[in-house]
Amino acid sequence: MMLVDGDQWRLFNLQAQCDVVKPFPRLESPARLLVHFGDAFTGLLRFEGQTKFARALIERQVRREGWIEGPSHIVIHRLFKTSGGGQAFYTAIPLDTWQQLLDWVRRQRDHCLVYPTGALLADVNMNQGRILRLGRRLLMFARDKHGLVFEDVYSATTGMDDLQLAAQTLGANIAELDRQADRQNRRRYEWLTAAEEDDDAIDTAIMDTLQQAGDVKIDRVMPRRFRTRQDSSGQDALNQGALSSALPLALNRLGARESSNTGVEKVAWWSESMAPAVMTTIGVLAIGIGVAGTFAHQLAKGEWAQSETLMSDVRDKRTAIQQVQFDDYSSDLTELANFATRLNQGAPYTPTQVLDSVRSAAVRGLTIYRVHLESSRRSGYQLRVDGVSDGADSDAVRIFLSTLRGHGWRPVPLEPSGSEPGSFSYRLEPESLDL
């Protein structure tokens with residue numbers, strides 16, 4: 001993490017060391033940059049109209065009030081929408097200062113996220129506030145359901161009396177702002193500091209003054225002590241002093257979205273910060289895949305050995321089967337098949353079936369005096385029916401034949417075997433063998 005306060009640049013590292021470096025140094029790793037622009041203006045604007053025009057409205061207000069000379073770059077940290085407009089908490093930065101910083105960021109080998117101090121102040125939840133002490137300057141930002149609040153108070157000097165006077169002024173302003181709030185929903189504040197020396201006693205005294213004057217509860221983010229060293233003509237003087245700061249911890253809680261970088265730079269930072277986790281995940285997956293592959297290989301090897309054993313058993317049984325001598329029963333099977341064929345051919349000529357068909361067909365006026373079944377190797381089965389009609393009913397023979405056809409027989413006329421009038425003879429052939 002790097003803190004830029006005007007022309008003073010401090011580099012904080014993971015070894016609890018803070019280096020005071022020359023402006024625009026060459027970074028050796030990705031970094032988060034908290035910038036307190038000396039010539040920038042941080043403020044709060046209430047406006048009417050759509051929020052998409054907030055940036056243009058802020059730029060016009062900054063130019064009209066003369067807070068910044070020339071063109072500016074507007075960074076909006078927090079927007080609060082109302083029915084007719086809204087509020088915007090912003091930082092206006094001179095355009096040349098902003099472009100100089102961005103040019104330096106883009107020249108770095110690794111990605112660097114830029115956060116104006118307003119971004120750190122705006123990182124609060126509903127009904128919460130944050131107070132930031134930067135030297136002799138006290139900045140306060142808070143939000144609740146009614147809107148946004150921002151106060152910026154300077155101390156005349158870094159002396160204790162002046163700092164407490166500034167704290168009383170800020171506390172009185174907070175008390176006035178909280179006067180209308182419900183007692184149970186009053187804002188809680190968080191205290192952050194970055195001081196030149198180890199002055200925890202001074203911070204404690206300022207906080208006590210603020211709590212008494214503002215009648216509020218302030219929770220201190222415990223600072224971390226950093227060893228400081230001055231970079232002078234390339235020579236490092238170790239243990240020059242100490243600095244207590246909670247800013248690195250608070251800044252690390254900010255995401256890439258709260259930074260003032262472009263969208264492409266935010267995505268690049270996110271992908272780069274995720275690289276260790278992705279590589280760890282890939283490593284774990286690779287180990288898992290390797291273990292799974294080894295297990296699958298051993299399993300396949302065992303299955304292959306088992307299949308080889310089964311195949312060997314199959315080959316042995318096939319050989320044993322081929323060596324067995326079987327008796328030849330082909331002639332018996334042929335005789336049996338011929339017998340079954342003859343049975344099948346004679347099935348339609350079952351006596352009961354034949355007699356039932358003839359009996360049902362023989363209507364009044366007909367006399368059936370013979371039903372004869374003959375069998376020969378050449379002609380097979382032949383069924384012959386002989387009868388005589390008494391002549392009184394001329395339709396008797398027609399009804400007899402129609403009924404037989406209904407029973408599945410096909411009558412074939414033959415030479416009558418009798419000589420009396422009305423004699424007839426028919427050979428009955430089955431329509432199919434499924435009768």
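Computed from heavy atoms alone, side chains included, the values below leave out hydrogens, waters and symmetry copies.
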How are the rings of Phe89 and Phe150 set to each other: parallel, tilted or perpendicular (split at 30° and 60°)?
tilted
Basic-acidic side-chain contact under 4.0 Å: Arg136, Asp162:
no
Does this structure show an ion pair linking Arg253 with Asp123, if we count only N-O contacts that are shorter than 4.0 Å?
no
Which is it for Arg427 and Glu429 under the salt bridge (Lys or Arg N to Asp or Glu O under 4.0 Å) test, yes or no, and what are the steps along the way?
CA-CA 6 Å; Arg427 183 173 70 249; Glu429 298 178 352; 3.2 Å; yes
Surrounding CZ of Arg318 (heavy atoms of other residues, nucleotides or ligands, distance under 6.0 Å), is the total greater than 12?
no
Six-ring centre of Phe80, Arg78 cation under 6.0 angstrom, axis tolerance 45°
no
Validation row, ring centre Tyr426 to ring centre Trp409 under 6.0 Å:
no
Please check if the side chain of Arg60 supplies one atom and the backbone of Arg55 the other of a donor-acceptor pair under 3.5 Å.
no
Using ring centroids (six-membered ring only for Trp), state whether Trp104 and Trp98 fall under 6.0 Å.
no
Is a donor from one side chain sitting under 3.5 angstrom from an acceptor on the other, for Tyr189 and Arg130?
no
Do any N or O atoms from the side chain of Ser312 and from the backbone of Thr309 form a donor-acceptor pair under 3.5 angstrom?
no
Value rounded to 0.5 Å, distance of CD in Gln168 from CG in Asn173:
12.0 Å
With His36, which residues qualify under ring pair (Phe, Tyr, Trp, His ring centres under 6.0 Å), at least two apart?
none
Taken to the nearest 0.5 Å, the spacing of Asp215 CG from Ile174 CD1 works out to 11.0 Å
Salt bridge check: are Arg26 and Glu28 linked by an N-O gap of less than 4.0 Å?
no
Taking 4.0 angstrom as the limit, do Arg63 and Glu59 come out as a salt bridge?
yes
